[in-house]
Amino acid sequence: MSFKTLKLSQKLLTTLERLGYSEPSEVQIKTIPLLLEGHDVLATSQTGTGKTAAFVLPMLQNLKEENEMKTGDERYKIKALILAPTRELALQIHHKIESYGEAFTHKSVALYGGIKLGSQTTQIRSGANIAVATTGRLIDHIKNRTINLSEVEIVVLDEADKMLEMGFIKDIQFILSKLPINTLEVDGTLKKRQSLMFSATFPPSIMRLAKSFLKNPITVEIDKENLSTKQVEQVVHYVNSEEKMPLLSTLISANNWNQVLVFTNTKLQADKIVSYLNENAILAQAIHGDKSQGMRIEALNAFKEKNIRVLVATDVAARGIDIMNLPHVINFELPTKNEDYIHRIGRTGRAKQSGEALSLIGEKELTQLKEIEELINKTLPTISTEGFNYTPHVKVSQKKSDSESKKKNLNLKKAKELAEKMMGKENMGNKNTQKKGKPSKQGPSNKRHF
Ligand code: AMP
């Protein structure tokens with residue numbers, strides 16, 4: 001299948017060729033034709049599947065360019081609005097629009113907190129027709145009357161589940177109330193507003209939002225085998241919790257890893273890891289909620305350009321990180337929520353590239369590791385490193401009270417659905433297909449050494 005068969009314009013085909021996109025991904029094949037025809041779409045969206053291009057390419061093609069506008073006034077109106085849960089994701093989408101839209105006159109503006117309103121207002125006024133925004137900052141602009149959303153023709157809610165999880169439902173509802181109701185007048189005729197929603201999970205809250213926001217949407221589901229996490233080789237390393245920092249440093253140095261994304265759960269821990277690595281001559285920076293926007297962008301760019309070897313991130317800050325062919329993701333500790341394990345490892349092995357996700361498991365994390373293994377229906381092979389021999393002693397299964405285990409089973413069921421979506425069913429339940437190491441149900445094995 002080629003991009004040409006998706007009825008994309010020659011301008012876009014030339015750009016895609018320059019970017020080296022030889023064929024569309026599944027979400028692009030399924031979504032682009034629907035969006036070009038103006039349908040509303042509700043789509044499953046996992047990281048690394050190419051969903052940004054899936055909604056940006058048809059948007060660029062469908063929006064009027066400057067020379068097609070009848071009045072100069074039209075130039076100064078936002079015609080497409082994309083809402084994203086984090087600054088990083090908003091900025092990343094904005095950059096993608098600039099890159100995919102290089103041959104167009106469209107102008108995108110990224111609206112997110114942490115930098116002054118004024119500079120964004122200037123960009124809006126200079127003729128932006130596409131806005132990519134986080135909800136809080138967009139509301140600031142709405143309240144300051146520095147943005148006019150009365151002519152928005154296309155609205156996208158990206159990573160909608162994440163936005164709801166972060167408590168943005170009221171903000172979203174407020175913003176949606178400022179948009180033209182499903183139809184709007186364009187050139188004297190009534191046109192339907194096009195609305196799109198991308199989400200990795202579909203809990204009732206998302207379905208309610210979808211119902212109120214989308215009109216006769218077409219649902220797009222992505223086949224499991226095309227999802228990126230299939231390419232990720234997952235391993236675990238048991239380690240005495242006090243030795244995690246030296247182990248991390250040793251692994252990076254001894255293996256000469258040059259681009260490593262390390263996940264941790266707290267800002268404090270992220271900063272501690274960065275200090276430790278820098279003291280050991282491994283250049284590292286952190287991105288987390290306490291860092292200013294400028295610092296976060298600087299760290300991300302330094303990491304992308306390989307000026308630093310390690311980026312240490314908390315889960316929220318890492319949303320939207322898109323680095324092609326990221327070879328190593330390390331869970332310094334397991335995430336607070338088991339589902340985030342899947343989001344984290346999705347940062348490697350993107351767009352059909354292979355990658356490795358390594359989790360450092362201390363004694364207190366053994367029970368959670370078993371839960372994650374149950375979630376992905378896979379026993380993760382263990383690796384070990386000379387000088388860091390460690391055998392966990394804690395009994396893994398603990399007897400739970402009836403209600404506790406019922407609740408847990410419910411959560412597990414939901415998380416499993418997500419895992420199935422993201423990892424491909426045929427990959428699940430297959431406990432004997434690991435390439436390296438030995439399944440570690442009985443404890444760590446020392447099959448693979450660094
Ligand atoms: P996304 O899921 O939108 O974050 O995209 C993941 C990565 O895949 C990004 O780095 C894109 O630039 C890249 N990408 C998207 N579509 C394609 C394609 N058709 N061929 C190659 N790379 C792509």
Side-chain angles (χ1 to χ4, degrees), residues 1-9 12-33 35-36 41 43-61 82-102 108 110 130 132 156-162 196-200 220-224 226-232 259 261 300-301 303-306 311 313 318-327 329 342-355 421-423:
M1 165 79 75
S2 78
F3 277 107
K4 210 170 182 174
T5 50
L6 300 180
K7 303 208 173 112
L8 289 174
S9 66
L12 282 173
L13 295 178
T14 309
T15 302
L16 293 171
E17 200 180 321
R18 190 190 60 74
L19 291 172
Y21 290 13
S22 50
E23 53 179 281
S25 69
E26 186 175 5
V27 68
Q28 292 161 0
I29 293 170
K30 290 191 170 165
T31 315
I32 289 174
L35 297 185
L36 285 175
V41 164
T44 52
S45 70
Q46 285 78 31
T47 52
T49 53
K51 73 175 153 73
T52 317
F55 66 79
V56 169
L57 299 177
M59 176 185 289
L60 293 168
Q61 187 161 319
I82 299 150
L83 291 180
T86 63
R87 301 161 180 191
E88 281 76 14
L89 185 59
L91 200 56
Q92 184 193 305
I93 296 169
H94 164 72
H95 288 316
K96 283 269 145 69
I97 294 171
E98 288 188 325
S99 153
Y100 298 146
E102 60 177 12
S108 165
I130 303 175
V132 192
V156 183
L157 296 191
D158 196 15
E159 304 207 349
D161 52 343
K162 207 68 199 171
L196 328 172
M197 199 160 138
F198 288 81
S199 189
V220 170
E221 266 212 65
I222 310 307
D223 274 358
K224 288 142 192 150
N226 281 5
L227 298 170
S228 60
T229 34
K230 251 184 95 175
Q231 273 96 266
V232 181
Q259 222 183 9
L261 177 61
L300 198 55
N301 286 341
F303 185 57
K304 280 185 179 177
E305 285 157 23
K306 300 195 182 163
L311 187 68
R319 271 320 259 204
I321 288 182
D322 170 34
I323 298 150
M324 278 297 278
N325 202 11
L326 188 59
V329 166
I342 300 160
H343 290 300
R344 285 180 176 187
I345 67 165
R347 302 284 135 196
T348 179
R350 290 171 78 94
K352 300 193 176 171
Q353 306 284 342
S354 63
K421 274 199 175 122
M422 296 195 67
M423 307 201 57

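Read the numbers this way: they start at 1 and go in the same order the structure lists the ligands and their atoms.
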With heavy atoms of [X] as the reference, note each atom of ligand 1 found under 4.0 Å away.
X     : value
Thr52 : 1 (P), 3 (O), 4 (O)
Glu23 : 18 (C), 19 (N), 20 (N)
Lys96 : 9 (C), 10 (O), 11 (C), 12 (O)
Phe3  : 19 (N)

Considering distance alone, does some N or O of Gly50 sit under 3.5 Å from an N or O of ligand 1? yes
Which of Ile29, Thr15, Leu8, Leu12 passes side-chain contact (heavy atoms from CB on, under 4.5 Å) with Phe3? It is Leu8
Among Leu157, Leu196, Val156, the one residue meeting side-chain contact (heavy atoms from CB on, under 4.5 Å) with Ile82: Val156
Option with minimal heavy-atom separation from atom 16 (N) of ligand 1, where the choices are Lys51, Gln28, His95: Gln28
Quick one: are Ile32 and Phe55 in side-chain contact, heavy atoms under 4.5 Å? no
Can you tell me if Gln28 uses its side chain to pair, donor with acceptor, with the backbone of Gly50 under 3.5 Å? yes
Main-chain N/O of His95 paired with Ser99 side-chain donor or acceptor, under 3.5 Å: no
